[in-house]
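Proteins come first, then strands; the chains are lettered A, B, ... in the order of their sequence lines, and each starts at number 1. Just so you know, these numbers use all the heavy atoms, side chains as well, and skip hydrogens, waters and symmetry mates.
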Protein chains: 2
Amino acid sequence: MTTPSSTSLETAITELSLAIGQVLRRLRAESNPDELTWSQIVALARLEKAGPMTTADLARAESVKPQSMGATLAELEREGLVERHPHPTDGRQVLFALTAEGVEARRKRGALKREWLLAAMAKFDPDERQTLMSAAALIKRLSESE
Amino acid sequence: MTTPSSTSLETAITELSLAIGQVLRRLRAESNPDELTWSQIVALARLEKAGPMTTADLARAESVKPQSMGATLAELEREGLVERHPHPTDGRQVLFALTAEGVEARRKRGALKREWLLAAMAKFDPDERQTLMSAAALIKRLSESE
DNA sequence: TATTGTTATACTCTATAACTATA
DNA sequence: TATAGTTATAGAGTATAACAATA
C-alpha cells in the first residue's frame with residue numbers, strides 16, 4: 001500500500017473520481033424546467049431496459065435506499081410516467097412499469113443532457129471514443145463491486 | 001444523428017453516464033460520521049493541487065455557482081480545514097487556503113471512499129486498469145467541454 | 001421473524017434572487 | 001456598471017427511524 005505503483009494508482013483513482021463527479025455536475029446543469037431530473041432518467045432507463053420492477057429491486061440496482069427510490073417513483077407516478085401493478089403472488093410487493101408517456105418522456109425530456117454529451121463526445125477522435133466506451137463497461141463493473 | 005453509428009454512440013453515452021452516476025452514488029455511500037462529504041473532498045483536493053484560490057475561481061473550476069461553493073467553504077472554515085486571506089490588491093476578493101488540519105483531514109477523513117475504490121480497482125487486470133486511467137483524463141476533458 | 005413498502009424528518013448539495021462592498 | 005462575496009430561501013436527492021401489512 002506504500003509502494004510507488006499503488007501511490008500512482010491512488011493518484012489515478014483520485015483523478016478518476018474527481019472527473020466523474022464533475023461530469024455528473026455538468027450533466028445535472030444541462031437542464032430546463034421541462035427536463036427530467038437525473039434520478040428520474042436513471043429510474044426510467046432501468047425500467048425500460050429491465051421491464052417492471054419493485055421499489056426494492058430498483059433501489060438495489062441503483063445503490064439507493066428503498067425509501068429514496070420510493071420518492072422518485074412517487075413523483076414519476078404523479079406525472080403519469082410509471083404505473084403500479086400488483087405482484088401476482090406476493091401481496092406486499094408492487095411492480096412499477098413504464099407507461100407510454102414514460103417511454104416518450106425518456107426520449108424527449110432528457111434531450112439536453114444527451115445533446116451535451118453527444119456534442120462533447122464529437123470532439124474526441126475515434127480512438128479516444130473507443131477508450132471511453134471500453135471504460136463505460138469497466139465503470140459499470142466498478143459500481144457493482146462488492 | 002440517425003445513422004447506425006451515432007445511434008450506437010448514443011447507447012454508449014447512455015451507458016457511460018448511467019455508470020458514472022452509479023459510481024458516484026457508491027462513493028457517497030462509503031461514509032461514516034467522521035468522513036468528509038464529497039463536495040468537501042473535492043474542494044480540499046482542488047486547493048491542495050492549485051494553491052490558494054477565490055470562491056469564484058473554485059466555483060468555476062468545479063462547475064458550481066459561487067454561492068454553492070461559498071457554502072462548502074464556510075463549512076470547511078468552521079471546521080478549521082481552510083482559512084481566508086485578503087487578496088493583495090483587490091479588496092473584494094478572498095483567497096482560501098488549506099490549513100495543516102485541512103491537509104491532514106483530506107488524507108484521513110476520506111479514507112473509506114479511497115479504500116473502497118482501491119479495493120474495487122484491485123479486481124481489475126492491468127490492461128483494464130490502464131483503460132480506466134486513460135479514461136480518467138478523457139472524462140476530465142469531457143467535463144471541461146464547452 | 002423477515003421483507004415490502006410508507007410516512008416523517010433531516011442533512012447535503014445545489015440553485016436563484018436580493019443584497020453589500022469594492023473596483 | 002461590473003465583479004466578489006454574503007444572506008435568504010427553495011428544490012432535488014438521499015439518509016435514518018418508526019410504522020403497517022404481508023410472507
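Test B:Glu79, B:Glu35, B:Gln40 against B:Arg109 for side-chain hydrogen bond (donor to acceptor under 3.5 Å, both in side chains) and you get one pass: B:Glu79.
Summarising the geometry, the separation between CZ on B:Arg26 and C1' on D:dA15 is reported as 16 Å, rounded to the nearest angstrom. Atom CD in A:Gln93 sits about 6 Å away from atom P in C:dT4, given to the nearest Å. Straight-line distance from the CZ atom of B:Arg78 to the C1' atom of D:dT7: 17 Å, rounded to whole Å. C:dT14 atom P lies 10 Å from atom CG of A:Leu24, rounded to whole Å. Separating the CG atom of B:Leu27 from the C1' atom of D:dT14 is a distance of 15 Å, rounded to the nearest angstrom. D:dT14 atom P lies 11 Å from atom CD of A:Gln40, rounded to whole Å. Look at CZ on B:Arg28: it is 7 Å from C1' on C:dC13, rounded to the nearest Å. Distance CD (B:Gln67) to P (D:dA10): 16 Å, rounded to an integer number of Å.
Closest approach to the B:Asp90 side chain among C:dA18, D:dG13, C:dA23 is made by C:dA23 (side chain taken as heavy atoms from C-beta onward). Comparing D:dA15, C:dT6, D:dG5 by their closest approach to the side chain of A:Lys65 singles out D:dA15. Here the nucleotide nearest the side chain of A:Val94, chosen from C:dT7, C:dG5, C:dT14, is C:dG5. When the nucleotides C:dT14, C:dC13, D:dG13 are ranked by their closest atom to the side chain of A:Arg25, C:dT14 comes out on top.
With hydrogens and angles disregarded, a donor-acceptor distance shorter than 3.5 Å links the side chain of B:Thr99 to the backbone of B:Gly80. When atom types are taken as modelled, the side chain of B:Arg25 and the backbone of A:Val64 share no donor-acceptor pair closer than 3.5 angstrom.
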Run B:Arg141 and B:Glu144 through salt bridge (Lys or Arg N to Asp or Glu O under 4.0 Å) and show every step you take. CA-CA 5 Å; B:Arg141 260 175 60 203; B:Glu144 288 161 355; over 6 Å; no
Mind running side-chain contact (heavy atoms from CB on, under 4.5 Å) on B:Val42 and B:Glu62 for me, showing each step along the way? CA-CA 8 Å; B:Val42 168; B:Glu62 299 302 338; 3.3 Å; yes
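Across all strands, B:Ser31 comes closer than 4.0 Å to no nucleic acid atom at all (heavy-atom distances). Residue contacts shown for A:Ser68 include a base, since a base heavy atom lies under 4.0 Å away. Residue contacts shown for A:Gly70 are absent, as no nucleic acid heavy atom lies under 4.0 Å away. At the heavy-atom level, A:Glu75 lies nowhere under 4.0 Å from the strands shown.
In terms of phosphate contacts, B:Thr55 brings no side-chain nitrogen or oxygen within less than 4.0 Å of OP1 or OP2 of D:dA4. Of the side-chain N and O atoms in B:Thr54, none sit less than 4.0 angstrom from OP1 or OP2 of D:dA4. B:Thr37 has a side-chain polar atom (N or O) that falls below the 4.0 Å cut-off from OP1 or OP2 of C:dC13. Taking only side-chain nitrogens and oxygens, B:Arg84 comes nearer than 4.0 Å to OP1 or OP2 of D:dT6.
More than 12 heavy atoms of other residues, nucleotides or ligands shown are found within 6.0 angstrom of NZ on B:Lys123.
Annotation: of the two residues near DNA chain C, A:Arg60 and B:Arg92, the 5′-most nearest-nucleotide partner is A:Arg60.
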